[in-house]
Amino acid sequence: TLPAMTVAKVADKTSNVVAGDVITYTYTVTNTGNVPLTNITLSDTFKGVVGGLTPAFGSFTTNTGSTNTGNTINVLQPGDVAVYTATYTVTQADVDTLQ
């Protein structure tokens, strides 16, 4: 057995950001192993703060029997893909410090 998982994070806007812009982050969670993974929760260390963003479960884009309850993936079957999103509103301090 080989448990494995990848998580990719993409922002919908990465340049010319101004205060007040709302950035949507999309997280793609893929079971790249050959066994089911269980009880997966996703959090993001954002701007140095553990749990600074709380991604919300959106959907399974590939699902061969995976299940979720709220934001927790109960079972992620091999090859299955789940998508989460989180948003952040840019502050003037972010712009000033180029974060």
Side-chain angles (χ1 to χ4, degrees):
T1 63
L2 180 65
M5 176 177 72
T6 61
V7 179
K9 176 183 173 185
V10 177
D12 69 343
K13 188 169 186 178
T14 59
S15 61
N16 301 317
V17 177
V18 298
D21 282 355
V22 177
I23 308 295
T24 299
Y25 295 95
T26 301
Y27 306 79
T28 304
V29 180
T30 306
N31 182 343
T32 57
N34 62 5
V35 295
L37 303 175
T38 59
N39 297 318
I40 300 167
T41 58
L42 190 63
S43 67
D44 189 352
T45 299
F46 186 72
K47 294 173 58 176
V49 177
V50 175
L53 283 179
T54 304
F57 178 83
S59 64
F60 291 106
T61 58
T62 305
N63 188 347
T64 62
S66 295
T67 62
N68 72 293
T69 302
N71 287 333
T72 299
I73 299 173
N74 302 320
V75 177
L76 187 63
Q77 296 291 340
D80 283 1
V81 179
V83 176
Y84 285 74
T85 59
T87 58
Y88 177 75
T89 302
V90 176
T91 67
Q92 187 60 50
D94 295 329
V95 174
D96 294 345
T97 59
L98 301 176
Q99 289 199 16

Gap between atom CG of D96 and atom OG1 of T91 - 0.5 Å precision:
8.0 Å
For a quick test of your reading: what N or O donor-acceptor pairs under 3.5 Å do the side chains of residues 19-30 make, sequence neighbours left out?
from: D21; atom 1: OD2; to: K13; atom 2: NZ; distance (Å): 2.9
from: D21; atom 1: OD2; to: V18; atom 2: N; distance (Å): 3.0
from: Y27; atom 1: OH; to: D44; atom 2: OD2; distance (Å): 2.6

Pairs meeting criterion side-chain hydrogen bond (donor to acceptor under 3.5 Å, both in side chains) with involvement of residues 31-42, two or more places apart:
none
Side-chain contact test, heavy atoms from C-beta onward, threshold under 4.5 Å: evaluate it for Q92 versus D94 and give yes or no.
no
Roughly how far apart are N74 CG and T69 OG1, rounded to 0.5 Å?
3.5 Å
I'd like to check V7 versus L42 (side-chain heavy atoms, cut-off strictly below 4.5 Å). Are they in contact?
yes
My understanding is that only residues two or more places apart in sequence, or in another chain, count here; which of them pass side chain to side chain donor-acceptor pair (under 3.5 Å) with T89?
none
Close side-chain approach of L37 to P3, heavy-atom, < 4.5 Å
yes
Restricting to non-hydrogen atoms, name the atom on S43 and the atom on G51 that form the minimum distance, rounded to 0.1 Å.
CB-CA, 4.4 Å
Residues in side chain to side chain donor-acceptor pair (under 3.5 Å) contact with T64, at least two apart in sequence or another chain
D80
Could you report the tightest heavy-atom contact between P55 and A86, atom names first, then the distance?
CA-CB, 3.9 Å
Is there a chain of hydrophobic side chains (I, L, V, M, F, W, Y, each step under 4.5 Å between heavy atoms) that links I73 to M5?
yes
Provide the closest heavy-atom pair for N63 versus G65 in the form atom of the first, atom of the second, distance.
OD1-N, 2.7 Å
Of all pairs that satisfy ring pair (Phe, Tyr, Trp, His ring centres under 6.0 Å), the ones with a partner from residues 64-89, not counting sequence neighbours:
F46-Y88, F57-Y84
What pairs with N71 under side chain to side chain donor-acceptor pair (under 3.5 Å), at least two apart in sequence or on another chain?
none
